[in-house]
Structures are given as C-alpha cells and as structure tokens.
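Scroll down for the structure; my scribbles are underneath it.
Quick caveat: nothing in here was measured; it's all calculated off a predicted structure. Each ligand, and each atom within it, is numbered from 1 in the order the structure gives.
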Amino acid sequence: MRDIDKIYIDGAFVTPHGGQRFDLYNPATEERIGSVRLGDAEDVRLAITAAKRAFPAMARTSKAERIAMLYRIRDAVKARADDLIAAMTEEYGAPTYFTGFSVQNTASIFEVMAASVEDYAFERIAGSSTVSMLPLGVIGAITPWNSNFGFIATKLAHAIGSGSTIVIKPAEQSAIQTQVLLECLHEAGLPKGVFNVVNGTGPEVGAALTAHPDVALITFTGSTPAAKIIQRSALETMKRFVLELGGKSPTIILDDADLDAAIPVALMSGFANSGQACVAGSRILVPRSRRDEILARLKRDAESFKVGIPTDPDVRIGPLANAAHWERVQSWIRLGQEEGASLMTGGEGRPEGLDRGWFARPTIFTEVTNSMRIAREEIFGPVLSVITYEDEAEAIAIANDSDFGLQAYVLSSDDGRALRMAQQLIAGRVVINGAPHDPRAPFGGFRQSGLGREIGAYGLDAFLEPRAILKPAA
Ligand code: NAI
Ligand code: MG
C-alpha cells in the first residue's frame, strides 16, 4: 500500500491543507494499491505564492544556469529509471515497451529543452529596435493520466527553459507515479519555489489554478471538453494558453503500400498505449481496390496482438486506466454497432482468458462512414474504425474532415507520393511509413486538437512574450 500524503511546495514535501482521500488502483488486477491525500484551493494559493516569490530570480537566470538545471533533472530521472518504470507499470498498467519508452523519453525531454535553450535567440533586433523574449511569470500546468511522467516533464521543461516558475496539477489517479518523479525532481536541487506540485481533482485544484490572477499561462494536456471549461475560467484574467487535446487521427494506407510493413504500423499507431493516446491513428483509411486484402490482414494481425498483464514482455495492449474509462470504451463499442458499423473483430467485454483487470478487446469496425460518431469523436481505447476511399483526393478529403487535427499517418511504397499526401493533410504532425518519434519536432494540433505548440523554439515562443525597446536614432 502506498499512501501519498504530501504535495510539493516551495522546495519541500508538505502536508496538504485539503484532507480528502482518493483511492489508487492497479488497473491490471483492480486491486486497491494505495491512496492520495488531495490538495485544495488553499494549497493552490500557497503553491502560487511560492512560485511567484521564486519568479524574479528565475527570470534573471542565464542560459547556462537553465541548461544546468535541465541536465540535473535529466540525470535524476535516469538514476531512478527502474523505480519510475515500476510505478508506471503498477499504477497505470502500460506494457513494457511503453513504460521503457516513457521513462527514456522523460529524460530526453529535459535534454532536448537544454539544446533548445542553447539555440534560442532571447535577444533580437527588429527594425531599429531591440527585442527581448521575456518569461511570463507563474505557469499553471494541468496534466492527464495517460503519460504522467512525459506530460509533467514537458510542462516543467518549458517553464525552466523560458525562465518561468510553475505550479503543476497532475492527474489525481497517477499519484504514485507523480510521487516517484517528484523525488527525482527534489533530488535535482532546483531553487525553492521554481516548481510546485499539488495533487487534487480538476474541478477543485485545477479550477483554482485556472482562475488565479497570478497565473500567466495555462499549459494543459487532456480532453477538449475540459480545455473549454479551463479557457472560460481563465478568460477573466486573460491568461495565455498552450493546449494539447484530443484527436481522431487518420492512417491513410495507399494502394501501393507494402502490406507486410504497413499493416503492423497501422495497428500499432492505433493500439499504442493501449489506445489511450491523443495521437492514436484511430481512423484507418483503405483504398477500395485493395479493401478485402487489407481487411483480412488487419483482422488477422489484430487478433494476434497479445493483451494482458503489463509485465509480460510479449504484451502489446494492457488494461485501460480505470473502471469508469473501461465502461466508457464499452459504450463506444455498443454505439458503433448501433450506428450501423460492422464489428470485424473484438467487441464488448474482456478478452478471452482475462477475467480481472480493466482489459478491453482490441476492436476494429468496418463499414464506417466518416459522419458516424465513432469516426468523429475520441474513444481513447483499442477501438479502430476502417473507412473505405475511392481515390487519393477522397482519402485527403476524409482525413481532413474532422474537428481535430493532431496527427496523421501515411503508408506508401513511394516516398514522393507519401510526401505529396502529407503536404495536403491538416495535422500538427504527419508520420510517413512508421517513422520513429522525433523528440525535436513541434507537437500540437490544428482545430480542436489544441492551441500552440510544444517542443523546441515553437514551445519556447509560446512561453515567452516579446518586449521591444524603441530608441531615437543617435
Ligand atoms: P480530463 O481532460 O478531464 O483530465 C485531464 C486533466 O484535466 C486532469 O488532471 C483533470 O483533473 C483535469 N481537469 C478536469 N476537469 C478540469 C477542470 N474543470 N478544470 C481544470 N482541470 C480539469 O480527461 P479525463 O476525464 O481523464 O478523460 C476523458 C477523455 O479525455 C478521454 O477518454 C480522452 O478522450 C480524453 N483525454 C485526452 C488526453 C490527451 O492526451 N489528449 C489525455 C486524457 C484524456
Ligand atoms: Mg474529465
């Protein structure tokens, strides 16, 4: 049992003012594994006060000082990699391939930010004026449960890189993971108040953060509906925003694709992180001319994906994060059938042989039209929709006909053709032929997938504000 009863304010682990407890579970076994004592609005106020006090000194730090802080955190994360992986496995249930990637990626986020700070022009000339890119002040960060370390790391790295201070509200259901990461961050020995972490619920701690007049920018990853509530609440104090939200990303399989390579990529793009990924390729667009062959392979390969406990190295799909989310995914599987799509594989209930744990069956719908809700809304589970197209123009039209625009995937044997398709897609990132994750490429989405971009100079731009100084000619 892990009982998390501290939050982190002003460089120290402290007992929250809030007294409510929230239970924590192992999603692969449904066992209660601990609890977290939640903070409240008073804790948010104290954390913001500490961050505000730390801001002037942080704003004055040199590039070299910020880079040194980022490297100290990177090293502290690497030193506890095994503990971080263990916490993520137990409390989130992600398969080994994903926990390993997540922890390595968390360390790399700080390293990439260090390189971005090195290259960034904080002082510039425009016309005959000098321009300084200035940090905003106190940043408020709200993060979800589907990649707890990575999202906290991204938000914190941008605050440090830009010279701001930060108050973070992670997803309450990830409190054990947050605690281990916090121990790493504490070990890195940053100045007091530079980062503060308050566990708590969205409607209480999240809302207090978004309404507070001393918070200059909200950086949020999560659902589009929560982002809208946050934006409304932050309007009164004119906060800046970086929002990384949902998606309904298309995977376009072109008629010349090498299916031996393309089918596993299409499935992994959809099922990665057990389908609980904002970037999931959840709409698979297949050409009419090769439809039967592609469907047969999608079915065969999907049925060979191993679903099970996260510690089994062969497992590709773990449990969903919590009971409520499992129910939500089940209702999407019912809705797909009610809307008239046909269930090619999967369906409601647990996979055979798994009678405990929030496991869903890898599910693929065919005969989906792009106007069905299963094609328009984020499901956030291992549930994919296949949509048939006649020609390239129709594939592009279907791909772009979405309220979202986070990521897109193109699969083709012809690099030039894949690139021409990519250039017509409205998405923050387009991945050609299963290209690996690029930790230096900007991340974020068009339309309701969000606002602004993270990573590199794009990410720093969003956390900085230009001040131009105009002087009369000498
Ligand atoms: P959510 O968007 O409600 O939660 C994300 C974070 O926002 C959590 O820390 C939560 O406490 C906080 N939050 C919620 N309401 C808030 C409010 N009124 N004010 C301030 N903060 C608030 O996501 P939830 O309910 O956990 O998942 C629902 C759906 O959202 C998923 O099924 C998925 O479709 C989507 N989602 C997308 C994510 C992404 O990576 N883009 C991550 C998590 C969820
Ligand atoms: Mg919610």
Side-chain angles (χ1 to χ4, degrees), residues 18 20 22 27 36 38-41 44 92 94 98 102 140-152 154-155 167-175 177-178 197-212 215 218-235 239 241-249 272-280 282 320-333 335 358 360 373-374 376-383 403-407 428-429 443-452 454:
Q20 213 187 313
F22 179 85
V36 54
L38 302 175
D40 63 11
V44 173
Y92 179 58
F98 192 74
S102 289
I142 299 173
T143 60
W145 40 265
N146 60 321
S147 183
N148 180 67
F149 303 139
F151 291 129
I152 293 176
T154 303
K155 276 53 180 154
V167 177
I168 304 170
K169 189 214 87 67
E172 58 273 30
Q173 67 182 76
S174 309
Q177 296 164 79
T178 298
V197 176
V198 181
N199 290 315
T201 66
E204 181 149 16
V205 168
L209 201 51
T210 58
H212 200 289
V215 172
I218 294 287
T219 175
F220 170 75
T221 299
S223 65
T224 301
K228 291 178 184 178
I229 297 172
I230 289 169
Q231 279 179 294
R232 281 188 207 107
S233 146
L235 181 69
K239 293 187 193 346
F241 292 105
V242 177
L243 305 173
E244 305 294 351
L245 314 175
K248 197 72 200 182
S249 299
N273 197 3
S274 310
Q276 300 170 123
C278 48
V279 296
S282 50
L320 296 171
N322 58 61
H325 190 50
W326 188 88
E327 291 293 348
R328 186 157 51 202
V329 170
Q330 299 304 310
S331 67
W332 277 111
I333 296 173
L335 180 74
W358 295 308
R373 286 185 59 200
I374 55 165
R376 304 209 70 84
E377 297 177 41
E378 186 169 59
I379 296 176
F380 228 58
V383 181
D403 295 334
F404 297 110
L406 189 59
Q407 189 140 304
R429 280 186 178 187
F443 185 69
F446 285 73
R447 300 169 168 161
Q448 296 197 27
S449 288
L451 210 57
E454 292 180 327

Quick one: which ligand 1 atoms are inside 4.0 Å of a heavy atom on H325? 32 (O)
Heavy atom of R328, distance to ligand 1 below 4.0 Å: yes
For I142, the atoms of ligand 1 under 4.0 Å from one of its heavy atoms are 6 (C), 7 (O), 9 (O), 12 (C), 20 (C), 21 (N)
Give the residue and atom name of whichever protein heavy atom lies nearest to atom 11 (O) of ligand 1, and the separation in Å to one decimal. K169 NZ, 3.0 Å
Pull out every atom of ligand 1 sitting under 4.0 Å from any heavy atom of I230, numbered as shown with elements. 19 (N), 20 (C), 21 (N)
Would you check, one step at a time, whether the test side-chain contact (heavy atoms from CB on, under 4.5 Å) holds for E244 with F151? CA-CA 10 Å; E244 305 294 351; F151 291 129; 5.8 Å; no
Measure L245 to ligand 1 on non-hydrogen atoms and call it side chain, backbone, both or neither using the 4.0 Å cut-off. backbone
Taking only non-hydrogen atoms of Q276, do any sit less than 4.0 angstrom from ligand 1? no
Start with the C-alpha gap between V242 and F220, add the side-chain angles, then the distance that decides, and say whether side-chain contact (heavy atoms from CB on, under 4.5 Å) holds. CA-CA 6 Å; V242 177; F220 170 75; over 6 Å; no
Closest non-hydrogen protein atom to atom 43 (C) of ligand 1, residue and atom name please, with distance? P144 CB, 3.5 Å
Student check: side-chain heavy atoms of V44 and L209 closer than 4.5 Å: yes
Residues in salt bridge (Lys or Arg N to Asp or Glu O under 4.0 Å) with E454, at least two apart? K155
Under 6.0 Å between ring centres, would you say that holds for F380 and W326? no
Going by the order shown, which atoms of ligand 1 are within less than 4.0 Å of some heavy atom of I229? 18 (N)
Region of S223 that comes within reach of ligand 1 [heavy atoms, distance under 4.0 Å]: both
Which residue owns the protein heavy atom closest to atom 7 (O) of ligand 1, what's the atom, and how far is it? F220 CE1, 3.2 Å
For atom 34 (O) of ligand 1, what's the nearest protein heavy-atom neighbour? Residue, atom name and distance, please. E378 OE1, 2.8 Å
Could you tell me whether a side-chain N or O of E172 sits under 3.5 Å from a main-chain N or O of T201, the two making a donor and an acceptor? no
Between K228 and Q448, do the side chains contain a donor N or O and an acceptor N or O under 3.5 Å apart? yes
Would you mind running through ligand 1 and noting each atom that sits below 4.0 Å from a heavy atom of A171? 9 (O)
Taking both backbone and side-chain atoms of G222, is any N or O found less than 3.5 Å from an N or O belonging to ligand 1? yes
For atom 4 (O) of ligand 1, state whether the nearest protein heavy atom is under 4.0 Å away. no
For the side chain of S449 and the backbone of G246, is there at least one donor-acceptor N/O pair under 3.5 Å apart? yes
Which is it for V383 and W332 under the side-chain contact (heavy atoms from CB on, under 4.5 Å) test, yes or no, and what are the steps along the way? CA-CA 8 Å; V383 181; W332 277 111; 5.5 Å; no
Judging by distance only, is a nitrogen or oxygen of T143 under 3.5 angstrom from one on ligand 1? yes
Could you tell me the residue and atom name of the protein heavy atom closest to atom 38 (C) of ligand 1, and the distance to it rounded to 0.1 Å? F380 CZ, 3.4 Å
Polar side chain donor-acceptor pair, N322 to Y92, under 3.5 angstrom: no
Looking at K239 and H212, would you say the former's side chain and the latter's main chain have a donor-acceptor pair under 3.5 Å? yes
Can you tell me if T178 uses its side chain to pair, donor with acceptor, with the backbone of S174 under 3.5 Å? yes
Has ligand 1 got any nitrogen or oxygen that is less than 3.5 angstrom from a nitrogen or oxygen of W145? yes
Quick check on contacts: which atoms of ligand 1 are under 4.0 angstrom from a heavy atom of C278? 39 (C), 40 (O), 41 (N)
Pairs of nitrogen or oxygen atoms closer than 3.5 Å, one from G206 and one from ligand 1: do any exist? no
Has the side chain of Q276 got a donor or acceptor atom that lies under 3.5 Å from a matching backbone atom of A321? yes
Derivation of the side-chain contact (heavy atoms from CB on, under 4.5 Å) call for N199 and V205: CA-CA 8 Å; N199 290 315; V205 168; over 6 Å; no
Candidate with minimal heavy-atom separation from atom 16 (C) of ligand 1, of G150, G202, S174: G202
Winner among A226, P225, P170 once heavy atoms are compared against atom 15 (N) of ligand 1: A226
Provide the number and element of each atom of ligand 1 under 4.0 Å from a heavy atom of E172. 11 (O)
Counting each atom of ligand 1 from 1 as listed, which ones have a heavy atom of A207 under 4.0 Å away? 19 (N), 20 (C)
